[in-house]
Amino acid sequence: MFQKRRISIALALALPLSILSVTASAQAPAPAGYPADYAKVVEAAKKEGKVVVYSTTDSKAAEALIRDFSTLYPAVKVEYNDMNSTEVYNRFISEAAAGGATADVMWSSSMDLQMKLASEGYGLAYKSPEAAAVPAWANWKDTAYGTTFEPTAIVYNKRLVPEAEVPATHADFTKLLTTRLDKYKNKVTTYDIEKSGVGFSLITHDLKLNPQFWEFAKALGGVAVRVQSSTGTMLERISSGENLIGYNILGPYALTRAKKDPSIGIAFTKDYNLVLSRVIFINKSAKNINAGKLWLDYILSKRGQTIIANDAQLFAIRGDVTGATTSAELTKQLGAALKPMPVNTDLLEYLDQTKRLAFLKQWKDAAGKK
């Protein structure tokens, strides 16, 4: 569903209406409130001439960001490479090892793999002028920053699943699967955690937060849960009725689909609801290091975050951005139930091969995925 491709935009294009109201002062070479010497970063970036971004955010969602960045810095071409999370990691590692050209900026939804790279010394320690606006849990040593506030969701077919059956908590979900086996057998879907880095990271965080996690896993096994590596595939199958309900699906993609698909229903869990944040860092050995700083600062800025919320529909992480797809609005709805996954080295726990394999074995035994 989400095609991965590379796009390059060098010149300013027509802006979407949602950003036309941004004040002209934001287009100054050094944004208001930035250090006086930031103009030197801008000038150096102009000389570099481009910024190379490796990202899991699909190109369609990123286009408004790239257009707007190009109006601010028309001399800096954005070379945007859109891949899945495993490809982003593997391509960067192999290119860095070979000493060849690679990304200036890494921006990925695979939080654990991003933290692995940053903690292994690939990330540049850089205190962004926007750092104070980022929650403390989303800033690791001024090197890796969270950029979005994306809730996971239960997605269901509104035609076939009545409102009364939609789980409000994880315990409700377990009860539904064990008491309505006749209806939900072969009709539940979630990520294939062996193929989806995001899916694996989410499910291991569930393990930490759900005291009855293994009961839930067994309930999934009891209905012969169907697993997919693609969010798009899961949404398609829920929409068609081939599956009735999906677990841990990325909320922004589901909400975007629901706007044009009346079959798609979305619910958040009230006991706890995981929140993922796409992690960004600058390659310490970047060829275009100043252009990388411009891109990172822009993504974290109120201007960039407004586009992340209103155009990319990825939920802004900054508390001062308003709108339906923002951390502020989501917090109004769910409050303390929201459980953001912190940008820190705790994310690396299940990347340890021994621990990963042990968890996968236990998961397969419980969920029936041999």
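If you're wondering where the values come from, they're calculated on a predicted model, not measured in any experiment. Counting from 1, the numbers follow the sequence of the chain as shown.
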Practice item. For T152 and F268, run side chain to side chain contact (heavy atoms under 4.5 Å, CB included): C-alpha distance rounded to whole Å, both residues' side-chain angles, the deciding distance at 0.1 Å, then the answer. Key: CA-CA 7 Å; T152 60; F268 301 115; over 6 Å; no
Check your understanding: Does K187 come within less than 4.0 Å of E242, counting only side-chain N to carboxylate O?
Key -> no
Study note, to complete from the structure: So CD1 of I238 and CG of D261: to nearest 0.5 Å the spacing works out to 10.5 Å
Check your understanding: Ignoring hydrogens and geometry, is there a side-chain-to-backbone donor-acceptor pair from T56 to S109 under 3.5 Å?
Key -> yes
Exercise for review: Tell me whether Y350 is reachable from L357 by hopping between hydrophobic residues (I, L, V, M, F, W, Y) whose side-chain heavy atoms are closer than 4.5 Å.
Suggested key: no
Check your understanding: Where do V188 and R226 land on the side chain to side chain contact (heavy atoms under 4.5 Å, CB included) test, with the steps shown first?
Key -> CA-CA 6 Å; V188 181; R226 298 306 192 218; over 6 Å; no
Practice item. Return yes if a side-chain donor-acceptor contact under 3.5 Å exists between D192 and S229, otherwise no. Key: no
Point to revise | side chain to side chain contact (heavy atoms under 4.5 Å, CB included) evaluation trace for Y34 with V41 | key: CA-CA 11 Å; Y34 277 33; V41 177; over 6 Å; no
Review point. Can you tell me how far CD of Q228 sits from CZ of R237, rounded to the nearest 0.5 angstrom?
Key: 4.0 Å
Check your understanding: Just how far is it from atom OG1 of T204 to atom CZ of F213, taken to the nearest 0.5 Å?
Key -> 8.5 Å
Review point. Going from OG on S59 to CG on L65, what distance comes out if it is rounded to the nearest 0.5 angstrom?
Key: 11.5 Å
Review point. Salt bridge check: are D320 and R318 linked by an N-O gap of less than 4.0 Å?
Key: yes
**Study point:** Flag side-chain contact, heavy atom, 4.5 Å: S263 against R159
**Key:** yes
Check your understanding: Checking R356 against F200: charged group under 6.0 Å from the ring centre and within 45 degrees of the axis?
Key -> yes
Review point. Shortest non-hydrogen contact from A309 to T325?
Key: O-OG1, 2.6 Å
Review point. Between R257 and E236, does at least one N-O distance fall below 4.0 Å, as a salt bridge requires?
Key: yes
Exercise for review: Step by step, work out the salt bridge (Lys or Arg N to Asp or Glu O under 4.0 Å) result for K158 and E163.
Suggested key: CA-CA 8 Å; K158 291 194 331 191; E163 196 73 27; over 6 Å; no
**Study point:** Any donor-acceptor N/O pair, E48 side chain to N290 backbone, under 3.5 Å
**Key:** yes
Practice item. Kindly determine whether E43 and Y38 satisfy side chain to side chain donor-acceptor pair (under 3.5 Å), including the steps that lead there. Key: CA-CA 9 Å; E43 287 306 310; Y38 194 81; over 6 Å; no
Review point. For Q313 and K259, does a side-chain donor sit closer than 3.5 Å to a side-chain acceptor?
Key: yes
**Study point:** Nearest heavy atoms of K50 and A291, plus distance in Å
**Key:** O-CB, 3.3 Å
Check your understanding: Can you check whether Q305 reaches I317 side chain to side chain, under 4.5 Å on heavy atoms?
Key -> yes
Exercise for review: Measure from the side-chain N and O atoms of T169 to the backbone N and O of T269, and report whether any donor-acceptor pair falls under 3.5 Å.
Suggested key: no
Exercise for review: Check the pair W363, L220 against side chain to side chain contact (heavy atoms under 4.5 Å, CB included), reporting the backbone distance first and the verdict last.
Suggested key: CA-CA 10 Å; W363 167 259; L220 288 172; 3.8 Å; yes
Review point. Which of parallel (below 30°), tilted (30 to 60°) and perpendicular (above 60°) describes Y80 and W107?
Key: perpendicular
Exercise for review: Would you please test F92 and Y122 for ring pair (Phe, Tyr, Trp, His ring centres under 6.0 Å) and show each step?
Suggested key: CA-CA 10 Å; F92 177 79; Y122 290 100; 5.5 Å; yes
Check your understanding: Any idea which heavy atoms bring E194 and L360 closest together, and the distance?
Key -> CG-CD2, 3.9 Å
Review point. In the single-linkage hydrophobic clustering (I, L, V, M, F, W, Y; side-chain heavy atoms under 4.5 Å), do V321 and Y298 co-cluster?
Key: no
**Study point:** Donor-acceptor under 3.5 Å (S119 side chain, K116 main chain)
**Key:** yes
Check your understanding: Do N288 and D104 get their side chains close enough for a donor-acceptor pair, meaning under 3.5 Å?
Key -> yes
Review point. Is there a donor in the side chain of N210 and an acceptor in the side chain of H170, or the other way round, less than 3.5 Å apart?
Key: no
Exercise for review: Using modelled atom types only, decide if a donor and an acceptor are shared between the side chain of T306 and the backbone of K302 within a distance under 3.5 Å.
Suggested key: yes
Point to revise | Considering all heavy atoms, the nearest V279-V343 contact | key: CG2-CG2, 4.1 Å
Check your understanding: Quick one: does V223's side chain get under 4.5 Å of L181's, heavy atoms only?
Key -> yes
Check your understanding: Between F69 and W295, is a ring pair (Phe, Tyr, Trp, His ring centres under 6.0 Å) present by the stated rule, with each step listed?
Key -> CA-CA 8 Å; F69 179 87; W295 179 260; 5.2 Å; yes
Practice item. Please determine, by modelled atom types, if R91 and Y54 share a side-chain donor-acceptor pair under 3.5 angstrom. Key: yes
Exercise for review: Check whether any side-chain heavy atom of L255 lies under 4.5 Å from a side-chain heavy atom of F315, and answer yes or no.
Suggested key: yes
Review point. Yes or no on side chain to side chain donor-acceptor pair (under 3.5 Å) for T148 and E150, after CA distance, side-chain angles and deciding distance?
Key: CA-CA 6 Å; T148 57; E150 302 176 48; 2.7 Å; yes
Revision key, fill the gap. Closest non-hydrogen contact found for T143 with A125 is OG1-CA, 3.4 Å
Exercise for review: Please tell me if the side chains of R278 and L314 come closer than 4.5 Å, counting only heavy atoms from C-beta onward.
Suggested key: yes
Review point. Hey, what do you get for CG (D206) to CD1 (I203), rounding to the nearest 0.5 Å?
Key: 4.5 Å
Review point. What is the minimum heavy-atom distance between L177 and F216, and which atoms define it?
Key: CD1-CE1, 4.4 Å
Review point. Does the side chain to side chain donor-acceptor pair (under 3.5 Å) test come out yes or no for S70 and D68, once each step is laid out?
Key: CA-CA 5 Å; S70 297; D68 191 42; over 6 Å; no
Review point. Just checking, is any N or O donor in the side chain of D297 or Y126 under 3.5 Å from an acceptor N or O on the other one?
Key: yes
Review point. If you measure from NE2 on H205 to CG on L276, what distance do you get to the nearest 0.5 Å?
Key: 9.5 Å
Check your understanding: With no hydrogens and no angle check, is any side-chain donor or acceptor of S108 less than 3.5 Å from a backbone partner on S110?
Key -> yes
**Study point:** Flag, side chain of S201 to backbone of G197, donor-acceptor distance under 3.5 Å
**Key:** no
